[in-house]
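These notes concern the structure reproduced below.
Fair warning: this is a prediction, and the values are worked out from it, not measured in the lab.
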Amino acid sequence: MSSDLFELASRQSYPSGTLYVVATPIGNLADISLRALHLLALCDRVAAEDTRTTAPLLARYGISKPMLPAHEHNEREAAERVVSHLRAGERIAYVSDAGTPGISDPGARVADAVRAAGLPVVPLPGASALLAAVSVAGPWASPFTFIGFLPTKTKQRAGELTRLATSREALVLYEAPHRLHATVSALLTAFGGARRILVARELTKLHETLLTGTLAEVHDRVVEETPRGEYVIVVEGAPPVTHDDEAQHDRLLSMLLEETSVSAAARLAARLTGVPRDVLYPRALKLGRAGATDDESGDDAVEED
């Protein structure tokens with residue numbers, strides 16, 4: 001049976017002088033495709049994000065090839081070497097440490113440089129943590145926008161989430177274990193607790209775990225566990241705002257404005273409704289100006305800056 005399947009893989013044309021971008025398993029070694037194995041055995045050289053990671057993978061399948069390091073710190077130099085080998089007529093397979101190259105992994109610049117040199121680039125699809133997580137999230141996760149890793153600094157991360165808070169598309173993030181708690185807390189602050197979320201840990205591995213629920217529910221569960229492994233986070237997009245919603249928001253903001261500033265009213269209303277502050281602030285500002293005296297309106301203008 002396996003020989004018949006490999007024959008199917010071999011029927012594809014694999015021209016020389018071509019860069020093949022090859023997806024590899026994200027955890028379970030059985031997730032490698034037959035085409036990937038066929039191409040890795042056929043190619044003349046393997047360009048790898050980390051040769052120390054790729055060598056055991058190839059050895060597991062009885063494949064031995066010359067390897068060329070091609071990681072984020074040497075992509076320009078690596079691209080030049082890849083182009084040189086391709087022009088000599090070699091087939092080169094590019095692999096990252098896990099999953100599909102170019103998706104929050106090195107590889108995109110190498111592929112771009114090869115194409116700019118007038119040489120062909122061919123994808124061999126396969127494992128992807130991004131797609132694995134979205135596939136089990138539910139219909140609310142489509143369409144989606146892939147964000148990758150958020151900024152690591154608190155202020156920059158908060159600013160990025162504020163910018164994304166009004167996106168109607170679901171957001172897909174990658175996160176390292178030591179930043180999981182901070183990122184989920186930042187999502188809760190920026191988006192409110194009502195949106196649905198999936199937190200996927202160690203996909204395809206022994207300790208694979210999927211946490212689902214509202215942001216408030218999942219936040220409480222996440223902070224109770226010790227993070228380990230790599231995470232994919234899928235967050236529901238912003239809900240559409242109806243005319244009735246806007247009227248209710250205006251009533252809430254008007255009440256809050258009787259007791260506090262425009263900025264504080266928008267911030268409190270965002271926490272109570274789950275609507276992003278950036279959506280509520282212009283409405284609070286308009287309501288505040290409408291009800292303010294000439295002296296008070298100047299204070300609001302300062303807050304807007």
Legend entry - Worked verdict on Leu40 versus Tyr61 for side chain to side chain contact (heavy atoms under 4.5 Å, CB included): CA-CA 10 Å; Leu40 288 169; Tyr61 294 107; over 6 Å; no
Q. When you look at Thr214 and Arg195, which way does the side chain to side chain contact (heavy atoms under 4.5 Å, CB included) test go after all the steps?
A. CA-CA 5 Å; Thr214 66; Arg195 296 198 201 183; over 6 Å; no
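- From Thr145, atom OG1 reaches atom CG of Leu171 across 6.0 Å, with rounding to the nearest 0.5 Å.
- With contacts defined as side-chain heavy-atom distances shorter than 4.5 Å, the pair Pro125/Arg35 qualifies.
- Within the 4.5 Å cutoff, the side chain of Val83 has heavy atoms near those of the Leu119 side chain.
- Both Leu215 and Leu211 are assigned to one and the same hydrophobic cluster, defined by single-linkage of ILVMFWY side chains at heavy-atom distances under 4.5 Å.
- Rounded to the nearest 0.5 Å, atoms CG (Leu257) and CZ (Arg289) are 12.5 Å apart.
- Contact check for Arg179 versus Thr152: side-chain heavy atoms found under the 4.5 Å cut-off.
- Taking each heavy atom of Met67 and Ala55 in turn, the nearest pair found is CE-CB, 3.6 Å.
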- prompt: Could you walk me through whether Asp112 and Val121 pass the side chain to side chain contact (heavy atoms under 4.5 Å, CB included) check?
  reply: CA-CA 9 Å; Asp112 198 40; Val121 179; over 6 Å; no
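- Within the 4.5 Å cutoff, side-chain heavy atoms of His85 are placed close to those of Leu68.
- Under a hydrophobic clustering in which Ile, Leu, Val, Met, Phe, Trp and Tyr are joined whenever their side-chain heavy atoms come within less than 4.5 Å, directly or via other members, Leu188 and Val279 fall into different clusters.
- Between the side chain of Ser84 and the main chain of Glu80, no donor-acceptor pair closer than 3.5 Å is present.
- Legend: residues meeting salt bridge (Lys or Arg N to Asp or Glu O under 4.0 Å) with Arg196, ordered by chain and number and at least two apart, are Glu236.
- Side chain of Asn74 to main chain of Pro69: a donor-acceptor pair is present (N/O by atom type, distance under 3.5 Å, no hydrogens or angles).
- To the nearest 0.5 angstrom, Ile63 atom CD1 is 10.5 Å from His38 atom NE2.
- Leu57 places a side-chain heavy atom less than 4.5 Å from the side chain of Thr24.
- Aromatic ring orientation, Tyr174 versus Phe149: perpendicular (interplanar angle above 60°, classes split at 30° and 60°).
- Side chain of Thr204 to backbone of Asn28: a donor-acceptor contact under 3.5 angstrom is found.
- Scanning all heavy atoms of the two residues, the minimum distance from His181 to Val223 falls at NE2-CA, 3.8 Å.
- In terms of heavy atoms, Thr100 sits closest to Asp105 at O-OD2, 4.4 Å.
- For Ser10 (side chain) and Glu7 (main-chain N/O), a donor-acceptor pair under 3.5 Å exists by modelled atom type.
- Here the side chains of Glu160 and Arg163 are in contact, with some heavy-atom distance below 4.5 Å.
- In this structure, the side chains of Ile233 and Leu198 stay at 4.5 Å or more apart for every pair of heavy atoms.
- In terms of modelled atom types and a separation under 3.5 Å, the side chain of Ser142 and the main chain of Pro139 share no donor-acceptor contact.
- The cluster map of Ile, Leu, Val, Met, Phe, Trp and Tyr, joined by side-chain heavy atoms under 4.5 Å apart, puts Tyr20 and Val110 in different clusters.
- Counting only distance, with no hydrogens or angles, the side chain of Arg168 and the backbone of Ala238 share a donor-acceptor pair below 3.5 Å.
- There is a path of hydrophobic side-chain contacts, each under 4.5 Å, that joins Ile32 to Tyr14.
- Residues Ser104 and Gly148 share a closest heavy-atom pair of OG-CA, 3.6 Å.
- No continuous path of ILVMFWY side-chain contacts below 4.5 Å connects Val22 to Val82, so the two sit in separate hydrophobic clusters.
- Atom CE of residue Met255 and atom OG1 of residue Thr260 lie 14.0 Å apart, to the nearest 0.5 angstrom.
- Salt-bridge formation is not detected for the pair Glu225/Arg221: no Lys NZ or Arg NE/NH1/NH2 atom is positioned less than 4.0 Å from an Asp or Glu carboxylate oxygen.
- Using a 4.5 Å cut-off on side-chain heavy atoms (C-beta onward), Val222 and His219 make no contact.
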Margin query: Apply side chain to side chain contact (heavy atoms under 4.5 Å, CB included) to residues Leu150 and Leu161 and explain how you reach the verdict.
Written below: CA-CA 9 Å; Leu150 289 169; Leu161 290 178; 3.9 Å; yes
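- Taking all atoms of both residues into account, the shortest heavy-atom contact from Val114 to Pro120 is CG1-O, 3.9 Å.
- Taken from CG in Leu256 to OG in Ser261, the straight-line distance is 10.0 Å, to the nearest 0.5 Å.
- Rounding to the nearest 0.5 Å gives a distance of 10.5 Å between NE2 of His71 and CG of Asp97.
- What you find for Ala141 and Val234 is that their closest heavy atoms are CB-CG1, 3.9 Å.
- With Ser135 contributing its side chain and Ala132 its backbone, the two residues share a donor-acceptor pair below 3.5 Å.
- For residues 59-75, the salt bridge (charged side-chain N to carboxylate O under 4.0 Å, His left out) pairs, not counting sequence neighbours, are Glu75-Arg109.
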